[in-house]
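Below: the structure, in structure tokens.
Proteins get letters first, then strands, A, B, ... in listed order; numbering begins at 1 in each.
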Amino acid sequence: MSRATPKLQWRNATKRFGDTTVLRDMDLDVAAGRSLVIIGGSGQGKSVTLKLALGLLTADGGWVSLDGQNPAGLTGRARRAFFSKVGVLFQGAALFDSLTVWENVAFRLLNADGVPRAKARAKALLALEQVRLRPDIADHYPSQLSGGMQKRVGLARAVVAEPDILFFDEPTTGLDPISAGAINALIVDQVKRLGCTAVSITHDLVSAATIGDEIAMLHDGAIVWRGQPADLESSGNPYVDQFVSGRADGLMAPAL
Amino acid sequence: MSPAVAIARAMNTVAYLGSPIVGAARVAGAIAVFAGRALGAALSGPRFVRQTMSQLLAIGFYSLPVVGLTAVFTGAALALNIFSGGGRFNAEQVMPQIVALGILRELGPVLAALMLAGRASAAMAAEIGAMRATEQIDALETLSTDPFRYLVAPRLIAAIIAVPLLTVVADIIGIAGGWLVAVQVLGFSPTVYLRNTLGFVVAWDIGSGVIKAAAFGVIIALMGCYHGFTASGGARGVGRATTHAVVSSAILIFAVDYLLTSLFAHR
């Protein structure tokens, strides 16, 4: 793939749920090796944007392409192959309750890649170490961990198979500022270590500025601004200004 | 009333009457598509053997007490009813045969399946519904794992194996319940009762119940998984999915029981 071709593209992406249009003709590109953070208020379409890129939702109009493939059209082996280059950290970590920590981290290796259990466990322990978790929690269950530790386990699971692209869904939501800072630092470390592309969605501006090379603001189903983290405070864009200042009055009504 | 208004009212009435039918057809179609994918996943590899064994334990072994207790009391009550009812036309002596026939062909499979609808189908809907609500099913997809193969197929295979096995257990315990009452309360001879039962029962009595049980296993697993998969709206949605799984399983068990009984009746 040439450098000019974006790694990930949304073109005229439209998504409706019943009478509600969540995304309207949204265009967005992410270049290979870059970390893009999509910010925006609640209910503006951030999660839908992510799920379209992952093929977990299908666009009603336009298309999404990751490495030239539209994930929504893939089935069976092609779909599994598509996901083999993707890592996702979900908002609530989405760990499997019935599996131990190491089985969660090694899930793809064990169930999709057919790696033997001993080798998969060794790789899982290494991934846990990379997200600064002690190996003695490997045999614990997710319910025995704090929210911050669950997020780290989710991050270890996302990176263990060394994907080409990482997706982070509200990585710091529900965490205290110190845990959030630790998760942000780990995300930066892992993206750098793997040299991969990253797409994050968040409404946490500290997180956005820490993990993003670029930031795009989504409002009412469309991208209304894109720029560098350093430009957030002085963007001159009324949506960004209101979002950064946290004012309730302005172009954007609070989601009550 | 102008013709335009009359036509509009007539169309509204048609729409009012038609919308539940369209809704029901949509749900039936969705369940059929879900069942097709589930059966496809169950018949194709890779097999998740650990998940299937774990479901066999949950659906089969851990349901033994509830199925056993239901069967023993049903067999005992059936014996009392047939004895007192049969007494009206001096037919008390055929009670062992009627208890055996009733348990093997009808009550064993249906009651075991109803107990499992309340226990296993509800558990499947709740667990899978909670996984849907916490994005664990999305996570499975992103980990290159087909949720139908990982979640649905093991439950379906386990239910098809476990429900017939539990039915055989329910048959034995139900007949034992009838025997216990007949011998201890009604003064039957234990050996004559058993001889009458074993001499009367044919293999098809047991086989037809086991075939029914396998069909009920499919219903229990499909309803539990379908309602869990389609759960939405957080904790309330999971609760609703659980209720729908139990109710739809129970209704389908009765409907399929009648269909299979009418198919088997002339054998």
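- Between B:Phe34 and B:Tyr226, the ring-plane angle classifies as perpendicular under the 30° and 60° cut-offs.
- Listed by chain and number, the residues in a ring-ring contact (aromatic ring centres under 6.0 Å, His included) with A:Phe82 amount to none (sequence neighbours excluded).
- Between chain A and the options B:Thr134, B:Asp138, B:Ile137, heavy-atom pairs under 4.5 Å are most frequent for B:Asp138.
- The line from OG1 of A:Thr197 to CZ of A:Arg34 is 10.5 Å long, rounded to the nearest 0.5 Å.
- Proximity to chain B (any heavy atom under 4.5 Å) is shown, for A:Leu109, by neither the backbone nor the side chain.
- Contact of A:Phe107 with chain B is made through the side chain alone, with heavy-atom distances under 4.5 Å.
- In this structure, the portion of A:Val86 lying under 4.5 Å from any heavy atom of chain B is its backbone and not its side chain.
- Heavy-atom pairs under 4.5 Å with chain A were tallied for B:Asp146, B:Thr145, B:Leu140, B:Leu143; the largest tally goes to B:Leu143.
- At a 4.5 Å heavy-atom cutoff, the contact between A:Leu99 and chain B is made by side-chain atoms alone.
- Both the backbone and the side chain of A:Asp97 come within less than 4.5 Å of a heavy atom of chain B.
- Relative to the six-membered ring of B:Phe229, B:Arg37 misses at least one condition, a distance below 6.0 Å or an angle of at most 45° to the axis.
- With A:Gln150 as reference, A:Leu145 is the one residue of A:Leu145, A:Asn104, A:Val101 to meet the side chain to side chain contact (heavy atoms under 4.5 Å, CB included) rule.
- Of the inter-residue distances, the one linking B:Met124 atom CE with B:Arg119 atom CZ reads 10.0 Å to the nearest 0.5 angstrom.
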